[in-house]
Amino acid sequence: MNYPLIIAGPCSVESEEQILATARALKEIPEVKLLRGGVWKPRTRPDAFEGRGEEGLVWLAEAKRETGLPIATEVATSEHVELALKYDVDALWIGARTVVNPFSIQQLADAMEGADIPVFIKNPVSPDLNLWIGAFERFQKAGLTRLAAIHRGFSYYKESPYRNFPMWEIPIELKRILDVPVVTDISHICGCRELLQDTAQKSVDLAFDGLMVECHCCPDEALTDAHQQITPSALSTLLGSLSPRSKQVLNDDQVLSALRSEIDDIDAELLQLLARRMNVSSQIGEYKKEKGLTVVQMERWKQILSDHLETGKELGLSKELVEKVFEAIHQASIQRQASILSK
Ligand code: PEP
Ligand code: MN
């Protein structure tokens, strides 16, 4: 498939052998246009592996010399920028934890002033579109013109199958306002290998401009983000399984696609909630069996329905919808309890 930009490489540069082996394999995948590798790693806890620093840049530059792949790394301070430029890094990215801090962003923008280097700006950890836009504005004011966004998902207060909840509507809104390319970092969105394929397809369906994928020659042994990294050969399979979409139609329909995607996320949450509710019903069934109580407690059911109708009305939901949904749920719940009592 003709994907405009695939960025791939390990979460962290760990050793000369690791980055060279990974880069050599990635070089064989024609869609891969940029080799990523973190040498300064922002870690939640202080004793975790924090990257190889300048030594890692030496190895990354070696991988570039050997494979011809341009290289990219994350910078978070002006010293990082200085060193990355010294080692001829071709593109820089700003991490999600840095984008939340306007002081850091200003310092980075100042350090890059006059450097004609592409900069990828990740979304801030929190779902704050203005903070993301503000980072673009600071780099633009410093004269940087080759800017792109990386969508890596957002911290979310609810449980979700993703490491970082995608909230696709936010990068779409960024693209609408700033008209910048947006690359989807499926690895940090998913946090696991199982969800990568579907998330990559969604990025294609929503007409985004590329993918960032963490690839490691031996993912299980990775020092950072082992669960989400894949081998270059798995990346090749993933890219080969993507179904192309016509951008013409999708661009026109990007708003519709984003809304549908929001609906899909909500439906997934509804299903999780239904499963939880049925689970509680089973526990009630067990309890009623133990205490010799009847399954249907008519007064309780009437009360529930009238409370829900009242709340539904306040929320602008029709009586018909609330009745239908809760009758179906109640019925399924009764059936489940009845089958427990009859065991
Ligand atoms: C990374 O790309 O390895 C990284 C640390 O990402 P993020 O800033 O999105 O967490
Ligand atoms: Mn990572």
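Note that ligands are numbered from 1 as they come in the structure, with each ligand's atoms numbered from 1 the same way. Only heavy atoms go into these numbers, but all of them, side chains included; no hydrogens, no water, no symmetry mates. Computed from a prediction, not measured in an experiment: that's the story for all the values here.
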In terms of atom number and element, which parts of ligand 1 are under 4.0 angstrom from non-hydrogen atoms of C11?
3 (O)
Ignoring hydrogens, what is the shortest heavy-atom contact between F139 and M112? Give both atom names and the distance.
CE2-SD, 3.7 Å
Does R146 reach the main-chain N or O of D116 with its side chain, forming a donor-acceptor pair under 3.5 Å?
yes
Closest contact, heavy atoms only, A23 versus L69:
O-CD1, 4.0 Å
What's the shortest distance from atom 9 (O) of ligand 1 to any protein heavy atom, and which residue and atom give it?
R152 NE, 2.6 Å
Starting from atom 1 (C) of ligand 1, locate the nearest protein heavy atom and write down its residue, its atom name and how far away it is, to 0.1 Å.
H188 CE1, 3.2 Å
Tell me which protein heavy atom sits closest to atom 8 (O) of ligand 1, plus the residue, atom name and distance to 0.1 Å.
A96 N, 2.8 Å
Heavy atom of the protein closest to atom 6 (O) of ligand 1 (residue, atom name, distance)
K122 NZ, 2.9 Å
Kindly say whether E214 contributes a backbone atom to a donor-acceptor pair with the side chain of R36 at under 3.5 angstrom?
no
Residue-atom pairs from the protein, N, O or S only, that lie under 2.8 Å from the Mn ion (ligand 2):
C11 SG, H188 NE2, E214 OE2, D225 OD2
What about L270 and V325, same hydrophobic cluster or not, with Ile/Leu/Val/Met/Phe/Trp/Tyr joined at side-chain heavy-atom distances under 4.5 Å?
no
Does the plane of the ring in H80 sit parallel, tilted or perpendicular to the ring in W40? Use 30° and 60° as the thresholds.
parallel
Going by an N to O cut-off under 4.0 Å, is there a salt bridge joining K289 and E286?
no
Nearest non-hydrogen contact with atom 5 (C) of ligand 1 belongs to which option: H151, E74, Q229, R43?
E74
Can any side-chain N or O of Q229 pair as donor or acceptor with the backbone N or O of T224 at less than 3.5 Å?
yes
Within the structure, does D225 bring an N/O atom to less than 3.5 angstrom of an N/O atom in ligand 1?
no
Report yes or no: does a heavy atom of M212 sit under 4.0 Å from some atom of ligand 1?
no
Counting each atom of ligand 1 from 1 as listed, which ones have a heavy atom of G95 under 4.0 Å away?
8 (O)
Considering the heavy atoms of K41, write down every atom of ligand 1 situated less than 4.0 Å from one of them.
1 (C), 3 (O), 5 (C)
Test item: L20 and R24 side chains (from C-beta on) under 4.5 Å apart, heavy atoms
yes
Does at least one non-hydrogen atom of G38 fall below 4.0 angstrom from an atom of ligand 1?
no
Can you sort out which atoms of ligand 1 are near E214, meaning under 4.0 Å from one of its heavy atoms?
1 (C), 3 (O)
Can you label the angle between the F208 ring and the H151 ring as parallel, tilted or perpendicular, going by 30° and 60°?
tilted
Any Lys/Arg nitrogen of D88 or K64 sitting under 4.0 Å from an Asp/Glu carboxylate oxygen of the other?
no
Given salt bridge (Lys or Arg N to Asp or Glu O under 4.0 Å), test E14 with R52 step by step and report yes or no.
CA-CA 7 Å; E14 298 167 5; R52 301 284 185 216; over 6 Å; no
